[in-house]
Amino acid sequence: MSKKHRRETKRMDKPDDTLVKRQASYAGEVMHEYHGFPGTYAGPCMNEYPDAGGGVPRTDSTYYVNYLGKKCVLNWEEESSKVDESTFQKLNRYRINLEYFFKTDIITAITTILPLKKCKVDFNSSPTLPFKPIIRSYPECDGSERLSTIKTKIDNEEILTKVEAMDLVMIPKMFTSNQDIILEKVCELLPQAKIDDADFKLELVFEMKCVIHKYSKTLEDIERLEGVIGLQEAVTAKQFQDQKLIDQGFQQGAFKIAINAKKILGIEYALQICDFTKEELENEKLNR
């Protein structure tokens, strides 16, 4: 690889944070089910809430859940470096702030790449206002077994659900060593995977980019694995989708103008200035 080419390949800044933001924005319901959090996902919330001290704490992901017949709020935080007393104090402050804002019960959940034995799991909070977050440790998820299972399903050309397919992105986090080797395997599997939602496979490619930038050892590995998962093709497909939505918007706007022209100047004039059919203008409904 030339030096010039190498300078063009840059490692993503804070890929873990980018991954969590993508998942919270584009796969909230999937991640809720994937982690086995309580209740059912009921929609996103904003994630910035000014506190009494003048600060504006920002949560990783906050969303509504229906739980035990009540609409609650779940605060999911991804902790990559430690889960200790300071972590609990921070999240308890989040909880208090969120309760003030939403006036409902707050469920706090933590996911971490640390084994549970390295995490603090108890917090001495107020006896009248107990605080016990849910903790999900990725190394406790048996990454080897999950990798074997999803490889078998893909080899057998089974159709994966979105939750099942998310394993491809998350499995490298389940290992405490040799993540680069595991990364190679899941990157090879992703293009072969058949998912019940084709658009979601596109999202998984963008999420896998974050994982590649996190665990690849070299810039050459980053570029190579981005090619393996078809990142450039995914970008092109996304651009095509975006342009299609834009074109649809223009088409709807043009149709409204044509309908107004028909009403004011007559249908024959409207037909002269637009590409819509007489039937569409008469029924005022697009057939395309």
Side-chain angles (χ1 to χ4, degrees), residues 1-31 34-35 60-61 78 80 111 113 138 143 146-155 157-175 178-247:
M1 179 182 295
S2 69
K3 291 184 178 180
K4 180 180 179 181
H5 199 180
R6 181 174 298 182
R7 284 196 299 270
E8 293 173 351
T9 304
K10 295 182 180 179
R11 192 176 294 271
M12 183 188 299
D13 184 38
K14 298 180 179 178
D16 278 336
D17 291 348
T18 302
L19 177 59
V20 171
K21 289 175 182 176
R22 286 206 69 96
Q23 291 176 331
S25 299
Y26 303 119
E29 186 173 9
V30 173
M31 296 311 298
Y34 184 85
H35 289 126
D60 286 343
S61 175
E78 178 93 342
S80 58
T111 53
I113 59 173
Y138 293 120
R146 285 176 179 251
L147 179 59
S148 175
T149 298
I150 198 166
K151 183 179 186 305
T152 298
K153 289 183 177 182
I154 292 173
D155 288 345
E157 298 188 350
E158 294 184 29
I159 306 297
L160 305 177
T161 67
K162 290 185 283 190
V163 174
E164 289 173 327
M166 184 58 72
D167 253 345
L168 291 169
V169 171
M170 304 303 288
I171 280 173
K173 288 189 174 189
M174 300 174 189
F175 290 80
N178 298 321
Q179 291 96 336
D180 58 315
I181 297 174
I182 304 302
L183 174 63
E184 295 272 350
K185 295 179 180 180
V186 293
C187 284
E188 290 172 0
L189 288 172
L190 179 55
Q192 305 171 44
K194 296 182 178 180
I195 305 173
D196 59 8
D197 184 335
D199 289 338
F200 191 72
K201 185 169 184 179
L202 194 65
E203 171 57 26
L204 287 182
V205 171
F206 293 130
E207 292 185 16
M208 188 67 83
K209 175 183 177 181
C210 301
V211 183
I212 289 172
H213 282 249
K214 170 68 176 179
Y215 292 115
S216 290
K217 288 189 172 181
T218 67
L219 297 180
E220 289 91 340
D221 288 338
I222 288 175
E223 184 172 292
R224 176 175 55 80
L225 290 175
E226 285 183 349
V228 170
I229 66 171
L231 179 63
Q232 186 54 54
E233 291 82 357
V235 170
T236 302
K238 181 64 167 61
Q239 289 171 338
F240 176 80
Q241 285 186 348
D242 291 345
Q243 187 59 50
K244 185 176 180 181
L245 289 173
I246 292 170
D247 292 343

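We number each residue from 1, following the sequence as shown. Keep in mind that this is a model prediction, so the values were computed, not measured.
- Remark: the backbone N or O of Leu160 is not paired with any side-chain donor or acceptor of Lys153 at under 3.5 angstrom.
- Here the closest heavy-atom approach between residue Ala24 and residue Ser61 is recorded as CB-OG, 3.6 Å.
- Counting non-hydrogen atoms of neighbouring residues, nucleotides and ligands closer than 6.0 angstrom, the CZ atom of Phe200 exceeds 12 such neighbours.
- When every heavy atom of Asp221 is checked against every heavy atom of Thr218, the shortest pair comes out as N-OG1, 3.0 Å.
- Heavy-atom minimum distance, Lys185 versus Leu147: CD-CD2, 3.9 Å.
- Note on Lys151 versus Glu188: no salt bridge recorded, every NZ/NE/NH1/NH2 to OD/OE distance being 4.0 Å or above.
- The side-chain hydrogen bond (donor to acceptor under 3.5 Å, both in side chains) test with His213 singles out one residue from Lys10, Arg11, Glu226, and that residue is Glu226.
- Smallest separation of non-hydrogen atoms from Asp196 and Thr161: OD2-CA, 3.5 Å.
- Annotation for Ser216 and Leu225: closest pair OG-CD1, 3.6 Å, computed over non-hydrogen atoms.
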Contacts table for residues 166-174: side-chain donor-acceptor under 3.5 angstrom, sequence neighbours left out:
unit_1, atom_1, unit_2, atom_2, d
Asp167, OD1, Tyr34, OH, 2.4
Asp167, OD1, Arg146, NH1, 2.9
Asp167, OD2, Arg146, NH1, 3.4
Lys173, NZ, Glu78, OE2, 2.4

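- Between Val228 and Cys187, the shortest heavy-atom distance links the atoms CG1-O, 3.4 Å.
- The pair Lys21-Asp17 does not count as a salt bridge, with every side-chain nitrogen at least 4.0 angstrom from each carboxylate oxygen.
- No side-chain heavy atom of Ile150 sits less than 4.5 Å from a side-chain heavy atom of Val186.
- Looking only at side-chain heavy atoms (C-beta outward), Ile212 and Ile229 come within less than 4.5 Å of each other.
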